[in-house]
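Please read the structure below before turning to the comments.
Residue numbers begin at 1 in each chain, while the letters A, B, ... track the order of the sequences.
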Protein chains: 2
Amino acid sequence: MAYTVGQVARVAGVTVRTLHHYDEIGLLSPSGRTAAGYRRYDDADLQRLQLVLYYRELGFPLEEIAAIIDDPAADPAAHLRRQHELLTVRIKRLQEMVTAIEFAMEASKMNIQLTPQERFEAFGDFDPEAHEAEAEQRWGDTDAYRESNRRASRYGKDDWLRIKAENEDWGRRIVALLASGAPADGPEAMELAEEHRQIISRWFYECSYEIHTGLADMYLADERFTAHYENIAPGLAGYLNEAIHANAISRA
Amino acid sequence: MAYTVGQVARVAGVTVRTLHHYDEIGLLSPSGRTAAGYRRYDDADLQRLQLVLYYRELGFPLEEIAAIIDDPAADPAAHLRRQHELLTVRIKRLQEMVTAIEFAMEASKMNIQLTPQERFEAFGDFDPEAHEAEAEQRWGDTDAYRESNRRASRYGKDDWLRIKAENEDWGRRIVALLASGAPADGPEAMELAEEHRQIISRWFYECSYEIHTGLADMYLADERFTAHYENIAPGLAGYLNEAIHANAISRA
DNA sequence: CTGCCGCCTGCCGCTACGTCAGGGTCAAGC
DNA sequence: GCTTGACCCTGACGTAGCGGCAGGCGGCAG
């Protein structure tokens, strides 16, 4: 029912200093003190802290958080609703960045130059940045980050040569298939589409069927990608697109 | 091919001051200067800036970003891969927060008390926070935020009474249906399940069928929710769960 | 040649804490 | 009853990543 700073800090995942700070600026003052001056937090304080942390995660400055939380018109449910909306907006934003990255990856694999605008499109609409200095600083210690680091630096020259070789081998085979007149939704084409997906998954990122069909459509929608494939063999862009779609449908 | 600070700032969505700062700390120094001392950025600089901004968005401190980018072992593709992974990890994290919010919403609708641990679970695993002070401060001016604000504060006492009334009306009807012996996967039960989903969507958040079935499972998995429904009528928790699943399947 | 906008370099300010320093407190164990 | 170590307190200064302003030069359209 009553907690010390240390206990609150541990359960909420913040530092004691942070709680001191919130007390100083009046954002979250413990409901009481012991005779010796120790801060005592109760359940209501924890609830408030939770709100504070969520809004902080969402990037609001502390002062504004105080205003939001102390708004008498906003009951708990209203906060939840607002946070839910903000979160979904942010997820959408990150997903756009992911798409942009996937786009850039495809482009880089094919040596396609991006225009400056495209470079920053992912940030474009509503402001470019976001900070998260502290959190991500600590992130440096998380498994996820280490894992990412490890994997990102794992590929040596040899690997790159292998990737290139795999890609070229795949390219030769699909060109041959196209030339042979085999249908784009036939088993051989679908098999090559699947292989294409697995090459991406193995060497780059987990490429779901959904992502894969997205890529396929991009190959047609973006003329530079179209040109890349058409340069290899006329009709290849459309052929690959169809094969990928057929493959995705058949595996679903 | 060559850009001034202002131009770069505009296309990248940062301020001139930021570019000055990056120049000062050596994170991104323009490749040249004019005779008059004007900074001149070229395409390579833009490319580097893009990397910087992505890593910044991902929360890395600028110093670390410099180290990452200047790492000779990391080619462009490696950066893309790393960013892709980091982004997906972050999206997962945000989605967990969303789930936690949805959980809290359900709990609050039913007056269920959360334990302190549950309060902060969403932050738990890897650190609690994330900042984004600047970005989200500016966010204060975006449509999304205003919209969110508007909707969040739109409900007055009357609305709450209506929500409560709707809920109770729905409750009475499903209890009656359960008592009548109608099957949980019958049309009436499914209709009530659908209504349940729409009440959430209308008043709280867009509740997809996927989310809805997730909620349904939670009603069974979490004993407090189970108890809530079982208190209304024995067997109701399981009945509702089944009805929601049946409804979701039939609409898919 | 005169605006006016854009660029330059300081330099001070701000937020949200981190990080001591210097000193009291509390429960456990001897 | 006294020590010990973990925990708490209050200043106070430091830091990152810019924002913002002052004071002054540069460039080009009219």
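The residues B:Arg90 and B:Glu57 are annotated as not salt-bridged, no charged nitrogen and carboxylate oxygen being separated by less than 4.0 angstrom.
With a cut-off of 3.5 Å on both pairing distances, the Watson-Crick or G-U wobble partner of D:dG30 is C:dC1.
Contact check, B:Thr15 against D:dG19: a side-chain N or O comes under 4.0 Å of OP1 or OP2. Considering only side-chain N and O atoms, A:Arg17 lies nowhere under 4.0 angstrom from the phosphate OP1 or OP2 of C:dC20.
Under the side chain to side chain donor-acceptor pair (under 3.5 Å) test applied with B:Tyr3, the options B:Asp45, B:Asp43, B:Asp42 reduce to a single match, B:Asp43.
Side-chain proximity of B:His21 to D:dC8, D:dC18, C:dC8: nearest is D:dC18. Among C:dC8, D:dC9, C:dG6, the nucleotide with an atom closest to any side-chain atom of B:Arg39 is C:dC8. Minimum atom distance to the side chain of A:Thr18 is reached by C:dG18, of the listed D:dC8, C:dC8, C:dG18. If you check C:dT25, C:dT15, C:dG18 against the side chain of A:Glu63, the one that comes closest is C:dT15.
For the pair A:Leu19 CG and D:dT10 P, the computed distance is 12 Å after rounding to whole Å. In this structure, CZ of A:Phe60 is placed 17 Å from P of C:dT15, rounded to the nearest angstrom. Whole-Å rounding puts the B:Leu53 CG to D:dG17 P distance at 13 Å. Across the protein-nucleic acid pair, A:Asp23 atom CG and C:dA16 atom C1' stand 15 Å apart, rounded to whole Å. Separating the OH atom of B:Tyr3 from the P atom of C:dC7 is a distance of 15 Å, rounded to the nearest angstrom. The interatomic distance linking A:Tyr38 (OH) with D:dA6 (P) rounds to 14 Å, in whole Å. A:Glu24 has its CD atom 8 Å from the P atom of D:dT10, to the nearest Å. What separates CZ of A:Arg40 from P of C:dT25 is a distance of 15 Å, to the nearest Å.
Both tests hold for B:Arg197 against B:Tyr209: distance to the six-membered ring centre under 6.0 Å, angle to the ring axis within 45°.
Between B:Phe60 and B:Tyr55, the ring centre distance stays below 6.0 Å. Ring centers of B:His79 and B:Tyr54: at least 6.0 Å apart, outside the cut-off.
Within the 4.0 angstrom heavy-atom criterion, only backbone atoms of the sugar-phosphate kind lie near B:Arg33; the bases stay farther away. A:Thr4 comes within 4.0 angstrom of sugar-phosphate atoms only, judged by non-hydrogen atoms across all strands, and of no base. When heavy atoms are screened at a 4.0 angstrom cut-off, B:Leu62 is found touching the sugar-phosphate backbone but no base atom.
Between A:Ala35 and B:His20, the residue whose closest nucleotide on DNA chain C is further toward the 5' end is B:His20.
Applying the 3.5 Å distance criterion, the base of D:dG17 shares no donor-acceptor pair with the side chain of B:Tyr22.
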